[in-house]
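Here is the structure we will look at.
Note that this is a predicted model, so its numbers are computed, not measured.
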Amino acid sequence: MAKVLGLGGIFFKCDDRLELAGWYQEHLGFPVTEWGGVNFDPRALPKTAWGVWSPFAADSDYFEPSAKDFMINLVVDNVEGVLARARAGGAEIVGEVEEYEYGRFGWFMDPAGNKIELWQPP
């Protein structure tokens, strides 16, 4: 049977895509390509990482303080380290780092107003 195998990418609109790509490259180490996007190699992920697809209720406040209808989750190797890099780049840190059996989480608002969730798998 034909089926979906996983997430293929995150696509979204912003006012200045080159500026935002440059911010992610400079402050989070994204390997931005010539075409302006990033190809993440799944082999670089920890064996405990996975992709998640999860609809939220229309009245959920989980994406706040963003006014957008989506949130981007990024797998990281060090939540505090990436939050520090984001803060140094002018990002607003949202809340405190939280820890669960399935990993550690932190959040920030990027320069385009997107809430970014960082996940450090166990």
Side-chain angles (χ1 to χ4, degrees):
M1 168 168 62
K3 63 183 178 201
V4 173
L5 300 176
L7 298 174
I10 299 169
F11 306 95
F12 58 95
K13 296 178 182 181
C14 66
D15 290 332
D16 189 334
R17 67 183 197 87
L18 296 178
E19 182 179 329
L20 189 61
W23 187 89
Y24 274 86
Q25 185 172 31
E26 179 180 348
H27 299 290
L28 298 187
F30 274 35
V32 176
T33 65
E34 184 174 292
W35 53 269
V38 175
N39 292 320
F40 292 108
D41 185 345
R43 295 171 294 187
L45 292 171
K47 290 185 187 289
T48 55
W50 59 83
V52 175
W53 180 89
S54 180
F56 279 71
D59 62 352
S60 173
D61 62 1
Y62 193 71
F63 302 166
E64 290 180 4
S66 175
K68 308 233 176 138
D69 291 334
F70 64 88
M71 180 184 66
I72 298 170
N73 174 287
L74 301 172
V75 178
V76 299
D77 60 357
N78 180 312
V79 168
E80 286 86 0
V82 176
L83 285 173
R85 290 185 71 180
R87 181 183 297 114
E92 172 192 351
I93 305 305
V94 178
E96 301 293 325
V97 171
E98 296 181 14
E99 188 161 349
Y100 302 93
E101 65 190 44
Y102 44 88
R104 305 179 75 232
F105 294 84
W107 300 268
F108 70 89
M109 297 291 289
D110 78 7
N114 300 308
K115 186 174 182 186
I116 307 300
E117 179 175 68
L118 305 176
W119 172 40
Q120 180 181 341

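- The minimum heavy-atom distance between Val94 and Glu64, with the atom names listed, is CG1-O, 4.2 Å.
- Enclosure of atom CG in Asp41 by more than 12 non-hydrogen atoms of other residues, nucleotides or ligands within 6.0 angstrom is indicated.
- At least one side-chain heavy atom of Phe40 sits under 4.5 Å from a side-chain heavy atom of Phe30.
- In the hydrophobic cluster analysis, where Ile, Leu, Val, Met, Phe, Trp and Tyr join through side-chain heavy atoms closer than 4.5 angstrom, Val38 is grouped together with Val76.
- Under the salt bridge (Lys or Arg N to Asp or Glu O under 4.0 Å) criterion, the residue pairs touching residues 92-104 are Glu80-Arg104, Glu99-Arg104, with sequence neighbours excluded.
- Put simply, Phe70 and Phe56 are part of two different groups of oily side chains (I, L, V, M, F, W, Y) that touch within less than 4.5 Å, one to the next.
- Linking ILVMFWY side-chain heavy atoms closer than 4.5 Å, directly or via other members, places Leu45 and Trp50 in a single hydrophobic cluster.
- Among all heavy-atom pairs drawn from Val75 and Ala49, the shortest one is CG1-CB, 4.2 Å.
- In this structure, Leu83 and Val97 approach most closely via the heavy-atom pair CD1-CG2, 3.6 Å.
- Tyr102 and Phe105 have perpendicular rings, their planes meeting at more than 60° on a 0 to 90° scale where under 30° would count as parallel.
- Val79 approaches Leu118 most closely through the heavy-atom pair O-CD1, 4.2 Å.
- Aromatic ring pairs are classed by plane angle as parallel below 30°, tilted from 30° to 60° and perpendicular above 60°; the pair Phe108 and Tyr24 is tilted.
- Within the 4.5 Å cutoff, no side-chain heavy atoms of Trp107 are placed close to those of Phe63.
- Between Tyr62 and Lys115, the shortest heavy-atom contact is O-NZ, 2.6 Å.
- Not a single ring pair (Phe, Tyr, Trp, His ring centres under 6.0 Å) links Phe12 to another residue, sequence neighbours left out.
- Residues Ile72 and Trp53 fall into different hydrophobic clusters, defined by Ile, Leu, Val, Met, Phe, Trp and Tyr side chains chained together at heavy-atom separations under 4.5 Å.
- When all heavy atoms of Ser66 and Gly113 are compared, the pair lying nearest together is OG-O, 3.1 Å.
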